[in-house]
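No experiment lies behind these values; they were computed from the predicted model shown.
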Amino acid sequence: MKNSASIMKSALWLMLLLVLPLQIIAASLGEVGKRLASLPGVSNVETLKSKHFQEKYVFFINQLLDAKDASKGNFEQRVILCHRGFDRPTVLVTEGYNANYGLREGYIEELSETFNTNIVLVEYRYFDKSMPTPCLWQYLTVENSLYDLHHVNQTLRTMYKGKWIATGISKGGQTTMFYRSYFPDDVDISVPYVAPLNRSVEDGRHEKFLQHKVSTKENHQLSQAGLTIGNERIVR
């Protein structure tokens with residue numbers, strides 16, 4: 001009997017050790033955080049400070065390495081959520097790189113400030129905290145990154161049912177355009193900023209711009225002659 005009581009006591013302590021941390025985490029989350037943590041594939045929801053939003057969180061969402069072949073495995077992608085209201089539109093920031101800047105307390109996005117929206121900032125796969133382990137580079141494709149955004153959009157639409165706006169800057173702006181072409185019904189508006197549109201792998205326009213528009217006429221002549229400027233060899 002003593003052995004049984006001892007086993008029961010140990011089991012109860014083990015349950016407390018497992019359950020209490022989850023209760024503490026849940027207690028620290030606001031209404032949005034609790035709803036977020038209950039969504040499928042969402043994990044590690046943490047509260048962030050914000051000067052502009054009622055609630056702000058960083059979390060991870062489970063993604064397929066290969067969007068068309070689940071057998072290839074999964075990875076965790078980092079997302080930042082800035083909440084203003086369930087009845088407000090949502091700006092989906094389509095990054096091209098990491099999302100570290102979104103962690104700052106003063107972070108806000110231009111369209112979100114203008115239209116009083118929520119923000120969902122998605123870190124690009126294979127950058128910073130969104131790096132798969134092991135790192136299999138063959139799955140770092142534009143197409144897979146767009147399926148990442150689609151999955152985030154479809155998951156969070158259960159919370160935010162209003163209008164959605166996709167936006168990004170530079171490579172993130174390219175992502176905005178590609179995303180709209182793949183999933184035109186995911187968002188209502190797309191606003192790419194300074195997004196380069198390459199004609200091919202070797203575009204051809206950059207070389208002419210660098211050769212004739214940048215620096216001085218003297219440097220252009222030196223460059224064409226294949227001479228040295230400073231300590232650098234200029235190759236024609």
How about Glu113: does its CD atom have over 12 heavy atoms from other parts shown lying under 6.0 Å from it?
-> no
Shortest non-hydrogen contact from Thr141 toward Tyr124 | O-OH, 4.3 Å
One should read off an interatomic distance between Glu46 CD and Tyr57 OH, to the nearest 0.5 angstrom, of 12.0 Å
Donor-acceptor contact present, side-chain Arg125 to main-chain Leu65, <3.5 Å | yes
Report whether Val120 and Leu39 are members of the same hydrophobic cluster (ILVMFWY, side-chain heavy atoms less than 4.5 Å apart, transitive linking).
-> yes
Is the side chain of Arg88 donor-acceptor paired with the backbone N or O of Asn116 at a distance under 3.5 Å, no angle test?
-> yes
Verify, without hydrogens or angle tests, whether Arg157 (side chain) and Asp186 (backbone) share a donor-acceptor contact under 3.5 angstrom.
-> yes
Checking side-chain hydrogen bond (donor to acceptor under 3.5 Å, both in side chains) for the pair Gln174/Asn198: CA distance, chi angles, key distance, verdict?
-> CA-CA 10 Å; Gln174 286 183 310; Asn198 303 99; 3.1 Å; yes
Find out whether Gln63 and Tyr147 are in side-chain contact, i.e. whether some heavy atom of one side chain is under 4.5 Å from a heavy atom of the other.
-> no
ILVMFWY cluster membership beyond Ile80 - transitive side-chain contacts under 4.5 angstrom | Leu48, Phe53, Val58, Val91, Val93, Tyr101, Leu103, Tyr107, Ile108, Leu111, Phe115, Ile119, Leu121, Ile165, Ile169, Ile189, Val191, Tyr193, Val194
Does the side chain of Asp148 reach to within under 4.5 Å of the side chain of Val122, using non-hydrogen atoms?
-> no
Cluster question for you: counting only ILVMFWY and a side-chain heavy-atom cut-off of under 4.5 Å, with indirect links fine, are Leu149 and Leu64 together?
-> no
Looking only at heavy atoms, the pair that brings Ala166 and Tyr179 closest together is CB-CD2, 4.2 Å
Might you work through the side chain to side chain contact (heavy atoms under 4.5 Å, CB included) test for Arg35 and Thr158, ending with a clear yes or no?
-> CA-CA 10 Å; Arg35 290 181 62 172; Thr158 60; over 6 Å; no
Working to the nearest 0.5 Å, report the span between CD of Gln77 and OG of Ser145.
-> 9.0 Å
Checking Thr94 side chain against Gly172 main chain: does a donor-acceptor pair fall under 3.5 Å?
-> yes
Would you say Ser43 and Glu76 make side-chain contact, with heavy atoms under 4.5 Å?
-> yes
Please tell me if the side chains of Phe59 and Asn44 come closer than 4.5 Å, counting only heavy atoms from C-beta onward.
-> no
Heavy-atom side-chain contact between Glu123 and Asp128 under 4.5 Å = yes
Minimum heavy-atom distance Gly173-Pro192, with the two atoms named | O-CB, 3.5 Å
Side-chain contact test, heavy atoms from C-beta onward, threshold under 4.5 Å: evaluate it for Leu81 versus Tyr160 and give yes or no.
-> yes
What is the distance from atom CE of Met131 to atom SG of Cys135, rounded to the nearest 0.5 Å?
-> 4.5 Å
Ignoring hydrogens and geometry, is there a side-chain-to-backbone donor-acceptor pair from Thr155 to His151 under 3.5 Å?
-> yes
Flag if over 12 foreign heavy atoms under 6.0 Å of CD, Glu202 = no
Side chain Tyr97, main chain Lys171, donor-acceptor under 3.5 Å = no
Main-chain N/O of Gly168 paired to Thr176 side chain as donor or acceptor, under 3.5 Å = yes
Ion pair present between Arg84 and Glu55, side-chain N to carboxylate O less than 4.0 angstrom?
-> no
Decide yes or no for Glu110 and Thr167: does some side-chain heavy atom of the first lie under 4.5 Å from some side-chain heavy atom of the second?
-> no
Can you find a heavy atom in the side chain of Val79 that is under 4.5 Å from one in the side chain of Phe60?
-> no
Would you call Arg205 and Asp203 a salt bridge, taking side-chain N to carboxylate O under 4.0 Å as the test?
-> yes
Rounded distance (nearest 0.5 Å) linking atom CZ of Arg104 with atom OG of Ser50 | 11.5 Å
State, to 0.1 Å, how close Ser112 and Glu109 come at their nearest heavy-atom pair, and which atoms those are.
-> N-OE1, 2.9 Å
At what distance, to the nearest 0.5 angstrom, does OH of Tyr182 lie from CD of Glu143?
-> 3.5 Å
Between Arg180 and Ser190, the two heavy atoms sitting closest are NH1-OG, 2.9 Å
Just do the side chain to side chain contact (heavy atoms under 4.5 Å, CB included) check on Met177 and Leu197 with the steps written out, would you?
-> CA-CA 9 Å; Met177 295 189 294; Leu197 189 59; 4.2 Å; yes
For Lys51 and Gly106, work out which heavy atoms get closest and say how close.
-> CD-CA, 4.2 Å
Donor-acceptor pair, Asn144 side chain versus Ala67 backbone, under 3.5 Å?
-> yes
Just by distance, do the side chain of Asn153 and the backbone of Val187 share a donor-acceptor pair under 3.5 Å?
-> no
Stepwise side chain to side chain contact (heavy atoms under 4.5 Å, CB included) test for Thr133 and Phe75 = CA-CA 7 Å; Thr133 304; Phe75 75 102; over 6 Å; no
Take Trp137 and Tyr126, measure what side chain to side chain contact (heavy atoms under 4.5 Å, CB included) needs, and give me the verdict at the end.
-> CA-CA 8 Å; Trp137 292 108; Tyr126 285 73; 3.5 Å; yes
How long is the gap from CG on Asp188 to CH2 on Trp164, to the nearest 0.5 Å?
-> 10.5 Å
